[in-house]
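Chain letters run A, B, ... following the sequence lines, proteins first, then strands; residues in each count from 1.
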Protein chains: 2
Amino acid sequence: MDATETRQWNSDSVAADLERAIHEHRLPPATKLGEDELGEAYGISRTVVRAALHALSHRRLVELRRNRGAFVAQPSVREAREVFEARALLEPRTARSAAERMTDAALAVLEANIADEHAALDARQDGRALFLSGRFHVEIARIADQSTIEAFVSELVSRSSLIIALYWRRRAALCETQAHHALLDAFRHRDGDAAEQLMNGHLLDLVTSLDLRNVAQPATSLREALNR
Amino acid sequence: MDATETRQWNSDSVAADLERAIHEHRLPPATKLGEDELGEAYGISRTVVRAALHALSHRRLVELRRNRGAFVAQPSVREAREVFEARALLEPRTARSAAERMTDAALAVLEANIADEHAALDARQDGRALFLSGRFHVEIARIADQSTIEAFVSELVSRSSLIIALYWRRRAALCETQAHHALLDAFRHRDGDAAEQLMNGHLLDLVTSLDLRNVAQPATSLREALNR
DNA sequence: GTCGCCGATTTTGTATACAATTGTGTATGT
DNA sequence: ACATACACAATTGTATACAAAATCGGCGAC
């Protein structure tokens, strides 16, 4: 939590700040997000914090339990599958559209994004790298000029970050940059077919890199498991 | 607004009630949703009303303008196209999944839904018919057992209702029931191919029944138009 | 008569106070 | 020693009070 009391926060900016922290794994799944605690951290009242937490709960990044408070969400195995199912429907054809409408300026943005990903990985800032990796996908929807789909992809990408936190199998460096480079090449050639197919494969790779066997809910206390 | 002070409202139920009113065109686009007004209507404080309005704004059914209040959204032509673009990506393949997993119980639900649609049309309850027509689409996602996609489709269907309110060309009875009957037949035969194709065609028909020429924003006061 | 400015009123944004619910710890009885 | 019941503490849910912003009306100037 950036408790800098210098900035002027509102519910949207607090929600964005929290979402980024969750996306970067600074706030891992199941973290309790107390209203008083957050209000003090940001220097605002519970009113604004509550609005932000409600916003995040609508994006399924935060789970609200009545009279118990807000917690960083812990997507189930089933939810994990659903998220990537939805991404598989939305992103490949959006990548095709993006490739067909690609401009040099948009290409530069994507290239800069990949460069930042590499820089973050080199600096051992895994959370930031993961965030930027997600941004790459959202940026593609933006380039495709589909703000509605962009909003869905943005939500799905953030939720994917939670899924990765819970079910990631190989803890090694995120080798996704290869896939992003391949996509970038397709975009350079304005090759919609290739972009669609590469995105499809990229998402499949992501799912297979997860451990989605139906074992009991992970990373939770016995008490929590029984209350579920 | 159901100002029955008998029920106990919370932010979620108020949001659901308002969403249904919007979906049924009882609250047309651009309607001002004053906090005090709603609070009095539901017999609750502004706090709860605000939470409900924020929730609806996240679904893009309500537009919040800072220090000016909440209004039923007026999707632009561009947003209208985007909504149906997103539906075209999500719903056809979801209909295929639903067809492949179809059970007799699920079929019965869909049949009952269509029957209700007819009943509403016969009773000249156009709003209710439109709502039920949307429910048909959401139900398909539910049957496909994809709650994440179901949430997206639910949002898109509600937004489609606003789009229909603004851009519907032929004000005649909603002739969609034909398409829904055809889909039901495909579901009865567990024919995934047919279901996917029928849904695709159905959505295309819907878009072409709209008047999405880039005329100026409709149905708004001069003052509002200038402030935009 | 029209345009522009300024104050009063209305409405939203935020903070705080109070009520309700949940979880925990302790005491007591078996 | 264990289980149960009760009371206390902590946290969320809701209402209300206050502050800030925008709208609307009237007034005056041109």
- Measure across Arg101(A) and Ile143(A) and return the closest heavy-atom pair with its distance rounded to 0.1 Å. CD-O, 4.0 Å
- Note on the structure: Atom CD1 of Ile44(B) and atom P of dA15(D) are separated, to the nearest Å, by 7 Å
- Task: Would you indicate whether Arg59(A), at its atom CZ, is surrounded by more than 12 heavy atoms from other residues, nucleotides or ligands within a distance under 6.0 Å?
- Result: yes
- Task: May I have the distance from Tyr42(A) (atom OH) to dT14(C) (atom P), rounded to whole angstrom?
- Result: 15 Å
- Any side-chain heavy-atom pair from Met199(A) and His137(A) closer than 4.5 angstrom? yes
- Whole-Å distance, Glu35(B) CD to dA21(D) P, equals 17 Å
- In whole Å, what is the span from the CH2 atom of Trp9(A) to the P atom of dG13(C)? 19 Å
- Whole angstrom value for the distance that separates C1' of dA20(D) from CG of Asn10(A): 15 Å
- Note on the structure: One should report the stems of DNA chain D, each a stretch of at least three consecutive Watson-Crick or G-U pairs at distances under 3.5 Å, as C:1-30 with D:1-30
- Note on the structure: When rounded to whole Å, the CG to P distance for the pair Leu64(A) and dT14(D) reads 12 Å
- Message: Working to the nearest 0.5 angstrom, can you tell me the gap between Ile164(A) CD1 and Leu130(A) CG?
- Response: 5.0 Å
- Message: Do Leu203(B) and Pro92(B) have side chains that approach each other closer than 4.5 Å (heavy atoms only, starting at C-beta)?
- Response: yes
- Note on the structure: CZ of Arg26(A) to CZ of Phe131(A), rounded to nearest 0.5 Å, is 9.5 Å
Show the distances under 3.5 angstrom between N or O atoms of the protein and N or O atoms of nucleotides 18-22 of chain C.
unit_1	atom_1	unit_2	atom_2	d
dT21(C)	O3'	Asn67(A)	ND2	3.3

- Note on the structure: Between Ala141(A) and Thr94(A) the two heavy atoms that sit nearest each other are CA-CG2, 3.7 Å
- Query: How close do Ser154(A) and Val138(A) get, heavy atom to heavy atom, and via which atoms?
  - Reply: CA-CG2, 3.7 Å
- Message: Under 4.0 Å, heavy atom to any atom of DNA chain D: which of residues 47-55 of chain B qualify?
- Response: Thr47(B), Val48(B)
- Query: Where does the angle between the aromatic ring planes of His180(A) and Phe136(A) fall among parallel (under 30°), tilted (30 to 60°) and perpendicular (over 60°)?
  - Reply: parallel
- For the pair made of CZ in Phe71(A) and C1' in dT12(D), what is the distance, rounded to whole Å? 11 Å
- Output for pair (His23(A) NE2, Leu61(A) CG), nearest 0.5 Å, gives 9.0 Å
- Any side-chain donor near an acceptor of the partner, Glu85(B) and Thr148(A), under 3.5 Å: no
